[in-house]
Amino acid sequence: MSDAQNTVHWTSTKFSETLMMDALLKHILGLMQYGMSDLGEVFEVIGQLKPNDEERWINAWSAVALRLQNLAEMADRTDKRLTASSTYLRAATYWRASLMYFSHPEDLRIGEYARASSRCYQRYLELSGYPGRYVGIPYEDTFLSGYFFKSPVAAESAPLLIITPGRDTWADDTVWVYDAALRRGIHCLIYDGPGQGLALRLNNLYFRPDWENVNLSSISHLKFPESIRRGLVLWA
């Protein structure tokens, strides 16, 4: 048997005995290449966790998120745009992370931390120059939160990729898709659908089986720039 066949697969490395905690920690570490997390900060949290302990999870992540948000705001006030934007971005990730393994819908921290993540991410976009802006998509008697990203290298007529996150994740965390698309001249629209991200935690919208109607809402209610070709691509 070759050395390659004897190699232990990376998924065998465990950061938690709890399956979901372990998967989420690996997801958050995977955001590091986009500047959305930091190895030391994530390991700081890992050291405080206990299997199946949701309270430790939300407290550990929110403590790091608040510390970074305060640092970002301090840098923002002194016009240190690069420091502020990169720190806002990681704070936004950790605010979201704090809610990913927390199942108490009546807890007031859910709305507070979800709004904090959104504010930090929007401020990151404003300061960094990353080509995105917040959009509110009309949906039934409420709205879906999302972002429109205009590729800076797109041709005069370019396609639009509409990205909806999988399962109960957040649209912001599909960065590995929209960042790659933007670099290839493709505009992107991301949004949290029912049962996901802000739609679940702020608007109390739950999953529905006819997701095609959710996509239709995102397409029909937004006025896209004329430079975007009418041929749309959906990804989930």
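Along the sequence shown, the residues carry numbers beginning at 1.
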If you round to the nearest 0.5 Å, how far is [atom2] of [Y] from [atom1] of [X]?
X	Y	atom1	atom2	result
L144	L202	CG	CG	12.0 Å
S16	W57	OG	CH2	8.0 Å
L49	M21	CG	CE	5.5 Å

If you count every heavy atom of other residues, nucleotides or ligands that lies below 6.0 Å from L39 atom CG, does the total exceed 12? yes
Should we count CZ of R184 as having more than 12 external heavy atoms under 6.0 Å? no
Go through the steps for R123 and E126 under the test salt bridge (Lys or Arg N to Asp or Glu O under 4.0 Å), then give the verdict. CA-CA 5 Å; R123 188 58 181 151; E126 293 167 358; 2.8 Å; yes
Just say parallel, tilted or perpendicular for the rings of [X] and [Y], cut-offs at 30° and 60°.
X	Y	result
Y147	Y121	perpendicular
F148	H187	tilted
F43	F15	tilted

Under 3.5 Å, is there a donor-acceptor pair between the side chain of D76 and the main chain of A84? no
Is there a donor-acceptor pair closer than 3.5 Å between any side-chain N or O of N59 and the backbone N or O of E55? yes
If you take all heavy atoms of A97 and I28, which pair is closest and at what distance? CB-CD1, 3.6 Å
Answer whether the closest heavy-atom distance between the side chains of V214 and Y139 falls below 4.5 Å. yes
Identify whether the distance between the nearest side-chain nitrogen and carboxylate oxygen of D38 and R90 falls below 4.0 Å. no
Under the salt bridge (Lys or Arg N to Asp or Glu O under 4.0 Å) rule, what do E44 and R67 come out as? Steps first, then yes or no, please. CA-CA 13 Å; E44 176 185 338; R67 186 178 77 228; 3.0 Å; yes
In a check of side chain to side chain donor-acceptor pair (under 3.5 Å) between Q69 and each of Y94, Y88, W95, which one passes? W95
Audit row: E73, R119, salt bridge (Lys or Arg N to Asp or Glu O under 4.0 Å) steps and yes/no: CA-CA 11 Å; E73 290 171 348; R119 286 194 300 268; over 6 Å; no
Please name all residues satisfying side-chain contact (heavy atoms from CB on, under 4.5 Å) with D141, sequence neighbours left out, ordered by chain then number. none
Got a sec, which residues hit side-chain contact (heavy atoms from CB on, under 4.5 Å) with N52, two or more places apart in sequence or on another chain? T18, Y101
